[in-house]
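Just so it is clear, the model here is predicted, and its values are computed rather than measured.
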Amino acid sequence: MFNNSSSSSTPSSSSSSEAGDVKSALFSPGEPLRQPRTSPPMSDGGAESRSPIPSGHSSSSAADALVRNSKLSAAAPEFVPGNYASFQEDVYSDGSEDYYPETSLADFVQDFVSHLNSSPGSFESEIDYITDMLNSLVTTEDILQELVELIYVQSTSIPNFAYTGARLCNHLSLHIRLSPASGNFRQLLLKRCQTEYEQREHSVRGDPETQKRFHYYVLFLGELYLNLEIKSRKETPGRANVLLGALKELLNTLFSHPEDPNLMCAVKLLKLSGSILDDTWKEKGQSDMDEIIKKIEDILLDAKCSRDVRQMLLKLVELRSSNWGRVHTASVSSDATPDNDPNYFMNEPTFYTADGTPFTAADPEYSDKYQEILDREDYFPDAYEENGNDSLCGDEDEMDPEIEEAFERFCMESDARGKK
């Protein structure tokens with residue numbers, strides 16, 4: 001089995017010479033590197049060329065031919081596969097102003113509305129940055145129209161955002177710089193509200209989802225009337241009178257369809273703005289609030305509303321009869337008298353006579369009764385406090401004779417019961 005081992009051996013000198021030739025051929029400084037792995041495969045007919053490169057002169061000739069025929073270049077552009085989709089991450093600066101990501105107008109409005117809805121207390125600190133960003137984004141009439149529509153939709157669709165939305169609209173109406181011929185922010189907003197107002201009869205009769213959106217719109221319009229400032233020649237900004245008439249008609253529409261959701265919406269609107277509407281109509285010499293209260297009373301008599309809604313309407317009528325729960329401030333202290341200020345004696349202390357009858361400074365006999373207290377204090381300076389009550393700091397060791405006798409009798413009876 002191993003009979004050919006000796007004959008296969010070669011002289012050591014011949015092996016060393018051949019190894020030296022191969023080493024010099026493979027590691028010659030002038031030879032190129034190996035063929036790139038990404039080179040196209042060779043044809044089947046070149047089977048011989050795929051065999052290992054022989055050593056010596058033939059190896060050097062093949063390498064030179066490969067270099068001459070190669071199309072590779074160090075200056076070639078970067079290779080990118082045809083189906084490769086380039087991707088570039090958004091680059092943001094590290095400044096503190098990047099609280100909101102740089103996105104489209106719709107995304108930006110959605111982001112800051114969501115932020116204000118979850119943190120309404122941050123309105124004052126965030127509104128300047130929001131306004132600056134919107135001024136940089138709103139550069140054309142179409143974009144301004146889009147902004148009005150976005151804020152209107154958010155303010156009339158998010159629960160409990162009507163107040164913050166109205167404040168936002170008021171601020172933007174004063175600070176959005178773009179004012180095209182079609183109207184500024186405030187004018188476009190009122191036009192959008194007008195469009196919804198004209199559909200009130202359809203909305204109040206619609207399906208529950210349509211009615212819900214309509215009720216959000218009504219409450220937003222109430223907040224807008226309270227918060228939207230209209231500049232005039234006077235120093236104090238006024239309210240939009242166009243909204244005053246719209247609110248009256250919206251209330252009439254709601255009460256004309258006395259269903260529970262409509263009545264609840266009307267009650268919320270009147271609790272929100274009833275006092276302001278009442279005062280404004282009175283200043284104009286109008287009795288519009290009296291007419292509304294009369295409609296509520298008729299509904300209480302005739303309509304088949306639920307018990308809870310009926311209670312809400314009754315409470316509303318009581319609220320209006322109490323001047324919407326407002327308490328007039330007391331007169332200035334220098335002008336207040338018992339005749340013109342019913343709360344004149346509100347903070348006065350209460351005193352007690354010798355027989356325990358309470359009295360205050362409002363009592364007609366206050367002077368005489370208070371003098372009696374002062375006289376008792378003069379006779380018994382240690383026995384009475386300032387308000388005429390017995391002092392609680394008396395001598396604890398002394399006991400009234402009658403009480404002392406009763407106490408002794410109690411002790412004797414206790415001892416007798418114990419002996420039995």
Original post:
In terms of side-chain geometry, is the basic nitrogen of Asp290 or Lys294 positioned less than 4.0 Å from the acidic oxygen of its partner?
Top reply: no
Checking [X] side chain against [Y] main chain: does a donor-acceptor pair fall under 3.5 Å?
X	Y	value
Ser114	Asp111	no
Gln187	Asn184	yes
Glu223	Ala162	no
Ser322	Leu319	yes
Ser173	Asn170	yes
Ser122	Ser119	yes
Arg320	Val317	no

Give, for atom [atom1] of [X] and atom [atom2] of [Y], the distance between the pair rounded to the nearest 0.5 Å.
X	Y	atom1	atom2	result
Lys271	Trp324	NZ	CH2	10.5 Å
Leu254	Glu259	CG	CD	10.5 Å
Arg310	Asp260	CZ	CG	10.0 Å
Ser275	Asn323	OG	CG	8.5 Å
Leu178	Leu134	CG	CG	12.0 Å
Leu269	Leu251	CG	CG	5.0 Å

Side chain to side chain, [X] and [Y], heavy atoms closer than 4.5 Å:
X	Y	answer
Ile276	Arg239	yes
Ser287	Glu291	yes
Arg326	Asp279	yes
Tyr152	Cys193	yes
Leu277	Ile292	no
Asn241	Ile230	no

Subject >> Distance under 6.0 Å and angle within 45° of ring axis: Arg200 vs Tyr197 >> reply: yes
Original post:
Is it the case that Glu141 and Gln145 place a side-chain donor and acceptor less than 3.5 Å from each other?
Top reply: no
Original post:
Is it the case that His175 and Asp128 place a side-chain donor and acceptor less than 3.5 Å from each other?
Top reply: no
**OP:** List the steps and the verdict of salt bridge (charged side-chain N to carboxylate O under 4.0 Å, His left out) for Glu201 and Arg205.
**Re:** CA-CA 7 Å; Glu201 290 295 338; Arg205 295 190 185 95; 3.6 Å; yes
Original post:
Would the number of heavy atoms belonging to other residues, nucleotides or ligands and lying under 6.0 Å from CE of Met312 be above 12?
Top reply: yes
**OP:** Please lay out, stage by stage, how Asn262 and His215 fare under the test side chain to side chain contact (heavy atoms under 4.5 Å, CB included).
**Re:** CA-CA 8 Å; Asn262 294 333; His215 296 157; 2.8 Å; yes
**OP:** Sequence neighbours left out, what pairs pass ring-ring contact (aromatic ring centres under 6.0 Å, His included) with at least one residue falling in residues 245-282?
**Re:** none
Original post:
What pair of heavy atoms forms the shortest contact from Gly206 to Gln211, and how long is it?
Top reply: O-NE2, 3.3 Å
Original post:
Which pair of heavy atoms, one from Asn252 and one from Ser256, lies closest together, and at what distance?
Top reply: O-OG, 2.6 Å
**OP:** Run the numbers on Phe112 and Glu126 for side chain to side chain contact (heavy atoms under 4.5 Å, CB included), then give the verdict.
**Re:** CA-CA 9 Å; Phe112 77 71; Glu126 298 285 351; over 6 Å; no
Original post:
For the ring pair Phe220 and Tyr216, is the centre-to-centre distance below 6.0 Å?
Top reply: no
Original post:
After noting the C-alpha distance and the side-chain angles of Lys191 and Thr195, does the key distance pass the side chain to side chain contact (heavy atoms under 4.5 Å, CB included) rule?
Top reply: CA-CA 6 Å; Lys191 289 179 182 178; Thr195 302; 5.7 Å; no
Original post:
Can you list every side chain to side chain donor-acceptor pair (under 3.5 Å) pair that touches residues 156-167, not counting sequence neighbours?
Top reply: Glu124-Arg167
